[in-house]
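None of these values were measured; they are calculated from a predicted model. Just follow the structure's listing: the first ligand is 1, and inside any ligand the first atom is 1.
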Amino acid sequence: MTRIRIHVPACALALVAAVAVLATGCGSAGNKEKAGVEKIDYGKTREGVPIEQYILRNAHGMVIKVITYGATLTDVRVPDRDGKMASVVLGFDSLDGYLGTEPYFGATVGRVANRIAAGRFDLNGRTYTLATNNGPNHLHGGLRGFDKVVWHAALHPSGGEPSVTFEYLSRDGEEGYPGNLSVSVTYTLTSQNEIKLDYSATTDKTTPLNLTNHAYFNLAGEGAGTILDHELTIAADQFTPVDAGLIPTGQVVPVGGTPMDFTTPIRVGARITQVPGAAPGGYDHNYVLRPHTGLTFAARLQDPASGRELDVFTTEPGVQFYSGNFLDGTIRGRSGIPYGQHAALCLETQHFPDGVHHASFPSTILEPGQRFASRTIYRFSVR
Ligand code: BGC
């Protein structure tokens, strides 16, 4: 495979934006010169469609990698408290891994993230039938959700910070959904070691929409054991219980006094075997973030051993805490080490699952003429 490298330094982006060159560290010595975006030929899908990888670096040496297949975040490399770099998300080093069966590692998920009961919903007097790919239910957009399509990448200046936008047109009827949906997600790597995700969408027919990123985090490093000793805080006093098929019952229940309570930092593994309900093997629940407008603190994940810390901020009303319950060791990622149960966890910022069936949940309906906009930030630090 030919690998074409086009280096687009952050300073060039800043110049386009007429932003002060100094802001990017362009022209100065050391790590700062490496800040920018690099585009690499990443092979072809089985249908022969070329896939690109974008490598974003900031002045602190943090690196993220994103591919046009599924607008997927394939790698995140951050230092520990001694400055030692590690890859802190599950994933593969080549396209093949993503083309096979894998549980949405780092993918952009849509048109509707999580489950829609029975793969069916009524809207404006019509019943829509969706692809069912999780028992009788629809999961993460169906058989060919946004994680399995090829997005178009565009480099836009973003105040001098390395940034790439992925765009996709989801056609009317795709996986059963109504309306042509123009959707985009912009990944920006900020100088505060943040991955900033900006989602946007418009439609020409009323449609449900719920977008998220499905990164699996292990702050000790991908392949380095489980996340059971990570400490987690979630800024939520309530969660939405689920039935045996992991479909919300519609209730919104306090976490207080239960193993679901992460309002103060606690080891993920401390009460994982006592998780109520049917979720097999641990947490797989939507947490109801405290009422907010704009960006709010959603969660903090800490790894006491490495000192790495992840703070999650979002404009979304909920976050799905999934403790990697269905990972069963059959997949080997970039380290070559099998990903067993709890090898990583997801903090998927989102609207509540199955919102289309629950009038009391925040609406997931997008109307023609409206623009959906949503932001999530994953901020990395050490302590
Ligand atoms: C869901 C899990 C599902 C996983 C797929 C999560 O968002 O909540 O139930 O198994 O995605 O990898």
Hey, is R115 touching ligand 1 through its side chain, its backbone, both or neither, going by heavy atoms under 4.0 Å?
side chain

May I ask you to identify, for L246, whether its side chain, its backbone, both or neither come under 4.0 Å of ligand 1 on a heavy-atom basis?
side chain

Answer yes or no: is there an ion pair linking E367 with K205, defined by an N-O contact shorter than 4.0 Å?
no

Looking only at protein heavy atoms, identify the closest one to atom 5 (C) of ligand 1 and say how far it is in Å.
Y104 CD1, 3.8 Å

Minimum-distance pair of heavy atoms, taken over all atoms of P79 and V382:
O-CG1, 3.5 Å

Please list the nearest protein heavy atom to atom 1 (C) of ligand 1 with its residue and the distance rounded to 0.1 Å.
D284 OD1, 3.5 Å

Sub-4.0 Å atoms of ligand 1 with respect to non-hydrogen atoms of P103:
12 (O)

Same hydrophobic cluster for L366 and V356, using side-chain heavy-atom links shorter than 4.5 Å among ILVMFWY?
no

Under 3.5 Å: N/O of H214 near N/O of ligand 1:
yes

In terms of atom number and element, which parts of ligand 1 are under 4.0 angstrom from non-hydrogen atoms of Q320?
8 (O)

Tell me which one of N210, N286, T212, T364 satisfies side-chain hydrogen bond (donor to acceptor under 3.5 Å, both in side chains) with Q350.
N286

Of all the non-hydrogen atoms in the protein, which one sits nearest to atom 7 (O) of ligand 1, and at what distance?
E348 OE1, 2.7 Å

D311 with R300: basic N within carboxylate O range, under 4.0 Å:
yes

Where does Y216 meet ligand 1, judged by heavy-atom distances below 4.0 Å: at the side chain, the backbone, both, or neither?
side chain

Taking heavy atoms and a distance under 4.0 Å, where does N325 meet ligand 1: side chain, backbone, both or neither?
neither

If I compare all heavy atoms of Y187 with all of A71, which pair ends up nearest, and what's the gap?
OH-O, 2.7 Å

Near F326, which atoms of ligand 1 are under 4.0 Å from a heavy atom of that residue?
9 (O), 10 (O)

Check ion pair E231-R267 (N to O, under 4.0 angstrom)
no

Centroid-centroid under 6.0 Å between Y168 and F146 rings:
yes

